[in-house]
Amino acid sequence: MLVAALVAGADSPHGIARADEFVSRLNAPYAALANDKRSDLILLPVLARMAEPPIGVATLAQARLLPGSSADFAVAAAWAKAEGQQAVLKAIAEVTKEREWRKATAFGLPYGVDSTPQDIVRSGLYTDLGDPPSLAGADHRFLPRLDMAGILVNIEATRLASEGKPSDAIDVLLNWAAVCRQMVDRAFFAEAAWGLTNMIPTFERVRDIAYQDTRGGKVMDIKRLYEQIQRMLPGALLDVDRLRIPNGDATAAEQLVSRVYSGRSGPDEAVFGSTMARLGAGKFPLRLMSESAKWRSAASSQGTIYEVKDTSEAIFADWDTRWSLGFFDRKQGTPTEYSKLDRVRYSVIDRAVPDYGRLLDLRQAVLLERIGTSHALSLVGFAYTAKSFPPDASSVRPRWLRTIEDDPFSRDLLTQNSFPLRYFVPIRDDAQNSREEAKPHEMSVVPTSGDPFSVRLREDTMVVYSVGTDQANNRARQVQNTSSLVQGADYLIWPPMLYLQRQNLMDRGDLK
């Protein structure tokens with residue numbers, strides 16, 4: 001498909017006239033989607049009517065950390081309870097009520113104003129492609145509103161948990177995770193990355209709500225907890241194993257090449273200059289003149305149509321291969337074709353195509369969060385029914401989990417075997433395995449943002465963790481939740497790092 005499009009663009013003097021067929025091709029799957037299967041038609045109208053969140057919870061980080069006991073929470077809760085925000089929460093529940101992914105709704109918003117319903121265009125929550133429509137300049141204007149919805153979901157979860165309804169709070173969060181999962185199936189890197197990035201803190205927040213219940217009233221509904229765990233199992237809607245690599249940015253590169261190359265050699269200087277200038281100026285039209293001059297002078301240094309074609313094919317073929325391989329495959333440690341890109345000679349590729357390698361890391365982190373959350377909640381379910389912590393991690397089978405999934409970061413380099421997430425109860429398990437007097441577990445915590453801190457864990461909690469990106473079992477003495485390579489640190493599942501960070505800020509007086 002990529003070869004045919006590029007060669008056709010090289011042989012045709014009418015590349016600009018042909019550009020819209022790339023948009024049509026990208027929109028074809030959405031055009032085939034029935035209206036009753038489109039979540040965007042339900043979500044976007046209510047998102048457009050949302051009120052801005054209060055200053056104290058203007059960011060997702062603030063909304064996740066703010067405790068229900070805070071004096072500032074009353075304002076945030078009042079905002080969440082207002083009619084406009086409750087309409088958003090009802091819409092989220094409506095578009096995620098189907099649990100079977102083959103029957104579930106999809107975010108079917110097409111790209112560009114020509115294919116988008118006019119009421120959505122008027123709301124401003126659409127993907128703007130400019131004039132003429134340029135996929136490489138796609139501006140997904142609905143994403144900031146989805147960010148606001150994420151803030152709302154977290155405030156609502158805190159509100160419900162504070163009112164003694166942790167099971168309702170977890171449902172709200174899992175519904176939101178399902179909306180984020182819909183975004184992962186979208187065509188552009190920016191949309192898929194948004195979905196994966198937001199699934200990670202949503203799974204952690206589920207554990208945070210559950211952990212707070214274990215430290216308080218223990219009022220979670222056990223039957224609902226089992227049903228909630230089922231939503232996170234392999235093959236369920238929230239799984240990312242079936243995820244395919246997005247194709248929107250590849251199509252954007254094809255369109256851009258067809259537009260600026262009018263022959264078999266280099267790009268047309270005038271068209272290249274004006275097209276790249278529009279993309280470079282973005283929302284600042286006053287930059288057009290300077291951008292145009294810069295790009296016109298750069299036209300002569302660009303690769304030929306066939307060099308661009310070969311480079312594009314190599315980049316996407318490399319990513320397709322890596323996408324289908326395991327996270328620990330030897331090829332994943334080699335430089336990508338994208339990393340070798342001459343960004344001066346292949347400016348059209350550089351402008352149209354982001355680094356898809358980031359999606360590989362995000363996908364792995366989401367996989368760990370899904371597995372970790374389902375397993376941790378299963379251990380909680382066991383503890384609530386048995387009135388004690390499980391003797392080992394496999395005790396939840398088969399009542400709570402049919403199978404125990406392996407830690408996605410565990411891999412014995414010699415045998416290639418994987419292992420489940422690690423589990424122990426401080427003091428209790430140390431006393432069984434040592435002749436010395438058992439002591440509380442000392443843990444150094446490195447949060448995603450903020451200063452590191454230390455905690456001491458006793459036998460009133462369990463510890464669940466992944467060996468992390470260094471693939472070494474450090475027994476959760478230091479924890480840092482990241483998909484980037486760090487040495488000597490594990491990835492903490494339970495207690496949730498978010499809970500520990502909030503408690504640390506409260507103990508220091510930095511969060512009231």
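All of these numbers come straight from a predicted model, not from anything done at the bench.
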- Query: OG of S347 to CG of L279: how many Å apart, nearest 0.5 Å?
  - Reply: 11.5 Å
- Once the angle between the rings of F107 and F142 is folded into 0 to 90°, is it parallel (under 30°), tilted (30 to 60°) or perpendicular (over 60°)? tilted
- Task: Working to the nearest 0.5 Å, report the span between OG of S167 and CG of D213.
- Result: 7.5 Å
- Y491/D407 under side chain to side chain donor-acceptor pair (under 3.5 Å): CA gap, chis, key distance, verdict: CA-CA 10 Å; Y491 192 117; D407 174 0; over 6 Å; no
- Query: With side chains defined as the heavy atoms from C-beta onward, is the minimum distance between D318 and R322 less than 4.5 Å?
  - Reply: yes
- About how many Å separate CD1 of I155 and CG of L89, when rounded to the nearest 0.5 Å? 11.0 Å
- Task: State, yes or no, whether a side-chain contact exists between I151 and E52 at a heavy-atom distance under 4.5 Å.
- Result: no
- Item | Atom of V57, atom of A63 and distance for their closest heavy-atom approach | CG1-CA, 4.0 Å
- Separation between CD (Q255) and CG (L26), nearest 0.5 Å, reads 9.5 Å
- Looking at side-chain heavy atoms only, is the closest gap between L505 and L65 below 4.5 Å? yes
- Task: Determine which pairs satisfy side-chain hydrogen bond (donor to acceptor under 3.5 Å, both in side chains) with at least one residue from residues 493-503, sequence neighbours left out, and list them in order.
- Result: D208-R502, Q503-D507
- Task: Report the residues that fulfil salt bridge (Lys or Arg N to Asp or Glu O under 4.0 Å) with R296, sequence neighbours left out, ordered by chain and then residue number.
- Result: E269
- Below 4.5 Å, heavy atoms only, C-beta onward: do K340 and P335 meet side chain to side chain? yes
- Message: Is there a side-chain contact between P53 and Q62 in this structure, where contact means two heavy atoms from C-beta onward sitting under 4.5 Å apart?
- Response: no
- What residues form a salt bridge (Lys or Arg N to Asp or Glu O under 4.0 Å) with R370, not counting sequence neighbours? D239, E405
- Got a sec, which residues hit side chain to side chain donor-acceptor pair (under 3.5 Å) with T251, two or more places apart in sequence or on another chain? none
- Note on the structure: One should read off an interatomic distance between F272 CZ and S292 OG, to the nearest 0.5 angstrom, of 10.5 Å
- Should R224 and D168 count as side-chain neighbours, where that means a heavy-atom distance under 4.5 Å? yes
- Among side-chain atoms of N198 and R181, is any donor-acceptor pair under 3.5 angstrom? no
- Parallel, tilted or perpendicular for F327 and F409, by the 30°/60° rule? perpendicular
- Go through E227 and R231 one step at a time and tell me if the salt bridge (charged side-chain N to carboxylate O under 4.0 Å, His left out) criterion holds. CA-CA 7 Å; E227 295 169 350; R231 298 181 69 176; over 6 Å; no
- Message: I'd like to check the salt bridge (Lys or Arg N to Asp or Glu O under 4.0 Å) partners of R122; sequence neighbours left out, ordered by chain and number.
- Response: none
- Identify which one of R205, R207, Q228 satisfies the side-chain hydrogen bond (donor to acceptor under 3.5 Å, both in side chains) criterion when paired with T373. R207
- Message: D329 vs K331, test: salt bridge (charged side-chain N to carboxylate O under 4.0 Å, His left out). Steps then yes/no.
- Response: CA-CA 5 Å; D329 190 278; K331 185 175 177 60; over 6 Å; no
- Task: Apply salt bridge (Lys or Arg N to Asp or Glu O under 4.0 Å) to D128 and list each qualifying residue two or more places apart in sequence or on a separate chain.
- Result: R141
- Message: For E254 and R25: C-alpha separation, side-chain torsions, deciding distance, then whether salt bridge (charged side-chain N to carboxylate O under 4.0 Å, His left out) applies.
- Response: CA-CA 12 Å; E254 295 176 46; R25 186 212 304 169; 3.1 Å; yes
